[in-house]
Amino acid sequence: MAQLSLLLLSLFLTLISLAPSGASISSCNGPCRDLNDCDGQLICIKGKCNDDPQVGTHICRGTTPSPQPGGCNPSGTLTCRGKSYPTYDCSPPVTSSTPAKLTNNDFSEGGDGGGPSECDERYHSNNERIVALSTGWYNGGSRCGKMIRITASNGKSVSAKVVDECDSRHGCDKEHAGQPPCRNNIVDGSNAVWSALGLDKNVGVVDITWSMA
């Protein structure tokens, strides 16, 4: 009898060991320990099932994006050329030293800025010290024509005029010269702004701070 009990126990343990470890399969943002816990082509990233960036899947693009610093969370996503980008209706709060990313924009006709500047419906020379601000900072045009003070990490600073919006809600079309939507923390400066700060525009993106001048 004892031998029969041991045999049954051994058989039971064997069946458990052969049972699929992924019996509880997680979908987008579901908990996971490894990729076997995730559904389909999803992989386990930091304990949650998500798209595999190497494969380029966008299964989770419609799920709720992760919260962002500053209390400004993505409002949705926009897919450009097979890649998903977050969209924003807001930007982080403006302070006396607001952290931002400085990018380079061509404000002239035919440049990568797309259509004319939102503030005055005109194209501008890149020799002007001018900027476009992310949608939240642009604030419906309330900062049009106003001067901001930009400071680079090298200690140099420059004043520049707001003439345009760096659209954080739309993109990938003719109006935006095929560019994806801006992040919510962008100061898009002309060549003159980069030069005044002693920065190489070919770097593409640099950390800065800005405030109202």
Side-chain angles (χ1 to χ4, degrees), residues 64-78 80 84-108 111-122 124-172 175-177 179-213:
T64 303
S66 301
Q68 300 293 310
C72 176
N73 297 326
S75 57
T77 57
L78 184 64
C80 297
S84 291
Y85 296 88
T87 57
Y88 296 87
D89 295 325
C90 57
S91 292
V94 175
T95 67
S96 59
S97 183
T98 312
K101 301 287 186 182
L102 179 68
T103 53
N104 180 243
N105 186 45
D106 183 352
F107 290 87
S108 64
D112 57 22
S117 297
E118 285 285 334
C119 291
D120 55 13
E121 291 298 320
R122 293 175 49 224
H124 290 265
S125 166
N126 290 306
N127 293 322
E128 296 179 62
R129 295 178 179 179
I130 51 179
V131 298
L133 297 178
S134 291
T135 294
W137 289 337
Y138 181 72
N139 196 28
S142 67
R143 291 193 167 94
C144 279
K146 295 184 178 180
M147 304 296 291
I148 66 170
R149 191 76 179 169
I150 305 168
T151 303
S153 58
N154 60 14
K156 292 186 177 182
S157 61
V158 64
S159 291
K161 184 167 71 172
V162 178
V163 299
D164 203 0
E165 173 187 12
C166 194
D167 200 334
S168 304
R169 292 176 293 192
H170 310 97
C172 309
E175 181 184 351
H176 298 88
Q179 299 292 322
C182 280
R183 300 290 295 191
N184 66 343
N185 60 343
I186 297 297
V187 174
D188 207 15
S190 63
N191 291 351
V193 169
W194 281 73
S195 296
L197 292 171
L199 300 172
D200 180 4
K201 68 177 183 179
N202 293 316
V203 174
V205 183
V206 296
D207 291 321
I208 52 128
T209 59
W210 72 277
S211 63
M212 299 305 300

Restricting to side chain to side chain donor-acceptor pair (under 3.5 Å), what partner residues turn up for [X], sequence neighbours left out?
X      : answer
Ser142 : Asn139
Asn185 : none
Thr135 : Glu165
Ser117 : none

### Task
Please test Leu133 against Ile186 for side-chain contact (heavy atoms from CB on, under 4.5 Å), starting from the C-alpha separation and ending with a verdict.
CA-CA 6 Å; Leu133 297 178; Ile186 297 297; over 6 Å; no
Which atom pair, heavy atoms only, marks the closest approach of [X] to [Y]?
X      : Y      : value
Ala100 : Val187 : CB-CG2, 4.0 Å
Pro92  : Asn184 : CD-O, 3.4 Å
Asp89  : Arg169 : OD1-CD, 2.8 Å
Phe107 : Ala132 : CZ-N, 3.8 Å

Output the distance between atom [atom1] ([X]) and atom [atom2] ([Y]), rounded to the nearest 0.5 Å.
X      : Y      : atom1 : atom2 : result
Leu199 : Ile208 : CG    : CD1   : 9.5 Å
Ser134 : Asp167 : OG    : CG    : 9.5 Å
Ser190 : Glu128 : OG    : CD    : 7.5 Å

### Message
Give me each pair satisfying salt bridge (Lys or Arg N to Asp or Glu O under 4.0 Å) with a member in residues 137-160, each pair once, sequence neighbours excluded.
### Response
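Applying salt bridge (Lys or Arg N to Asp or Glu O under 4.0 Å) to every pair that reaches into residues 137-160, excluding sequence neighbours, yields nothing.
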### Message
Between Ser159 and Met147 (side chain of the first, backbone of the second, donor and acceptor by atom type, cut-off under 3.5 Å), is there such a pair?
### Response
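Not a single qualifying donor-acceptor pair exists.
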### Message
Determine whether a donor-acceptor pair (N or O, by modelled atom type, separation under 3.5 Å) exists between the side chain of Ser108 and the backbone of His124.
### Response
no
### Message
Thr87 and side chain to side chain contact (heavy atoms under 4.5 Å, CB included): which single residue from Pro74, Pro181, Ser168 fits?
### Response
Pro181
### Query
Val193 and Ile150: side-chain contact (heavy atoms from CB on, under 4.5 Å), yes or no, with the steps?
CA-CA 9 Å; Val193 169; Ile150 305 168; 4.0 Å; yes
#### Entry: Any side-chain donor near an acceptor of the partner, Asn191 and Asn104, under 3.5 Å
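Side-chain D/A pair, Asn191 to Asn104: present.
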### Query
Just checking, is any N or O donor in the side chain of Asn126 or Asp106 under 3.5 Å from an acceptor N or O on the other one?
yes
Going by side-chain contact (heavy atoms from CB on, under 4.5 Å), name the residues that satisfy it together with [X], two or more places apart in sequence or in a different chain.
X      : answer
Thr95  : Thr98
Asn202 : Asp200
Ser97  : Thr209

### Query
Lys101: what forms a salt bridge (charged side-chain N to carboxylate O under 4.0 Å, His left out) with it, not counting sequence neighbours?
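Only Asp207 meet the salt bridge (charged side-chain N to carboxylate O under 4.0 Å, His left out) criterion with Lys101.
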### salt bridge (charged side-chain N to carboxylate O under 4.0 Å, His left out) involving Arg122 - partner list, sequence neighbours excluded
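Applying salt bridge (charged side-chain N to carboxylate O under 4.0 Å, His left out) to Arg122 gives Asp120.
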### Task
Tell me, with the steps shown, if Val162 and Ile148 meet side-chain contact (heavy atoms from CB on, under 4.5 Å).
CA-CA 7 Å; Val162 178; Ile148 66 170; 3.9 Å; yes
### Message
Less than 4.5 Å apart, side chain to side chain, heavy atoms only: is that true for Pro86 and Arg183?
### Response
yes
### Query
Is there side-chain contact between Tyr138 and Cys166, with at least one heavy-atom pair below 4.5 Å?
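No, every pair of side-chain atoms sits at 4.5 Å or beyond.
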### Message
Determine whether Lys161 and Val131 satisfy the following criterion, side-chain contact (heavy atoms from CB on, under 4.5 Å), listing intermediate values before the conclusion.
### Response
CA-CA 6 Å; Lys161 184 167 71 172; Val131 298; over 6 Å; no
### Summary
Residue pairs meeting ring-ring contact (aromatic ring centres under 6.0 Å, His included), one or both in residues 188-213, sequence neighbours left out, come to Trp137-Trp210
